[in-house]
Amino acid sequence: MRLNIAIDGPAGAGKSTIAKLVAKKFGLMYINTGAMYRAVTLMAMRKNIKASDVKNLCDLMESLSMHFENDKLIVNEEDVSEEILLPKTSQNVSNYASILEVREKLVHLQKEMAGRYDVVMDGRDIGTFVLNNAPFKFYLTATPEERAKRRYNELMEKHVKVCYDDILNDIIKRDHIDSTRKINPLTKAKDAVEIDSSSMGIKEVVDYIVKYIEKSL
Ligand code: CDP
């Protein structure tokens, strides 16, 4: 059986930081599915294609090639890893991620990657859908205020000018769209271990996950 690890949770819960470290610890490939939805959003916005314009969105996706290189997401030979994290993408991504055709295309790619490598995959529908047979599933949460604070600090460190209240509002809005959309909404898988990281540091969360997995291996 593959050692696949699914990590889901709401916006800004620290999934990608934690997932990267867990992947390193076990020598697995890290797949950031949020980055993939963000990349489609970025490319669509560059071409002024709205989320409701499904025909052009499908054509656009056909023209995109996507792969990860050491945690960097490369789309049509361009490293988009930094640009996809900017607020303009965050504010729009949930609308594009609600579109059936977008999800079908990206889930297909994600399943293909997980078929080829043992992976740590993070997102919203990994434990419930994409890797529903994964032997290890975690659901990472924290209060919206704590998540907004972390995202604010992260962007400030990158010298991106942001306002805390805007980040908090974006996170609350995104969580709402992600957890109420029709197709594979954000929800904890029944067999996922829930971790509330509101008052836990990165190392503490990683150690908890690593110990949990090592105990069962
Ligand atoms: O890093 P952050 O928690 O802010 O979000 P992300 O993981 O980069 O995901 C960005 C957005 O992509 C989410 O708000 C969802 O709308 C969408 N997404 C999704 O629908 N399904 C996934 N498996 C991963 C992300």
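Note that ligands are numbered from 1 as they come in the structure, with each ligand's atoms numbered from 1 the same way. For reference, positions follow the sequence shown, starting with 1.
- If you check each of Arg147, Arg151, Lys173 against atom 2 (P) of ligand 1, the one with the closest non-hydrogen atom is Arg151.
- Each of the following atoms of ligand 1 lies closer than 4.0 Å to a heavy atom of Arg38: 1 (O), 2 (P), 4 (O), 5 (O), 6 (P), 8 (O), 10 (C).
- Among all protein heavy atoms, the one lying closest to atom 17 (C) of ligand 1 is Ala97 CB, 3.7 Å.
- Here the shortest heavy-atom distance to atom 24 (C) of ligand 1, taken over Thr33, Ile126, Asp8, belongs to Thr33.
- Annotation for Ile202: atom CD1 does not count as buried by contact number, only 12 or fewer foreign heavy atoms lying within 6.0 Å.
- Residue Arg174 has at least one N or O atom closer than 3.5 Å to an N or O atom of ligand 1.
- Aromatic pair Tyr212/Phe138: ring centres closer than 6.0 Å.
- For the residue pair Ser90 and Arg38, a side-chain donor N or O sits within less than 3.5 Å of a side-chain acceptor on the partner.
- At a cut-off of 3.5 Å, with distance as the only test, no side-chain donor of Ser94 or Arg124 sits close to an acceptor on the other residue.
- For atom 23 (N) of ligand 1, the nearest non-hydrogen atom of the protein is Asp125 OD1, 2.8 Å.
- Contacts of Met36 with ligand 1, taken as heavy-atom pairs under 4.0 Å, are absent altogether.
- At a cut-off of 3.5 Å, with distance as the only test, a side-chain donor of His67 or Glu69 sits close to an acceptor on the other residue.
- Among protein heavy atoms, the minimum distance from atom 3 (O) of ligand 1 is reached at Gly12 N, 2.8 Å.
- The protein heavy-atom contact nearest to atom 21 (N) of ligand 1 is Arg103 NH2, 3.0 Å.
- Under a cutoff of 6.0 Å and an axis angle of 45°, Lys111 and Phe129 form a cation-pi pair.
- Legend: side chain to side chain donor-acceptor pair (under 3.5 Å) pairs involving residues 44-53, not counting sequence neighbours, sorted by first then second residue: Arg46-Glu78, Arg46-Glu83, Asp53-Asn56.
- Remark: side-chain polar atoms of Asp8 are paired, donor with acceptor, to backbone N or O of Gly127 under 3.5 angstrom.
- Considering both main-chain and side-chain atoms, Asn32 never comes within under 3.5 Å of ligand 1 through any nitrogen or oxygen pair.
- Residue contacts with ligand 1 for Arg124 involve both N, CA, C or O and side-chain atoms from C-beta outward (heavy atoms, distance under 4.0 Å).
- With hydrogens left out, the protein atom closest to atom 14 (O) of ligand 1 is Asp178 OD2, 2.6 Å, a heavy atom.
- The 12-atom threshold is not exceeded at NZ of Lys149, counting heavy atoms of other residues, nucleotides or ligands nearer than 6.0 Å.
- For ligand 1 and Lys15, the ligand atoms under 4.0 Å from any heavy atom of the residue are 3 (O).
- Between Tyr37 and ligand 1, a contact under 3.5 Å exists for no N or O pair.
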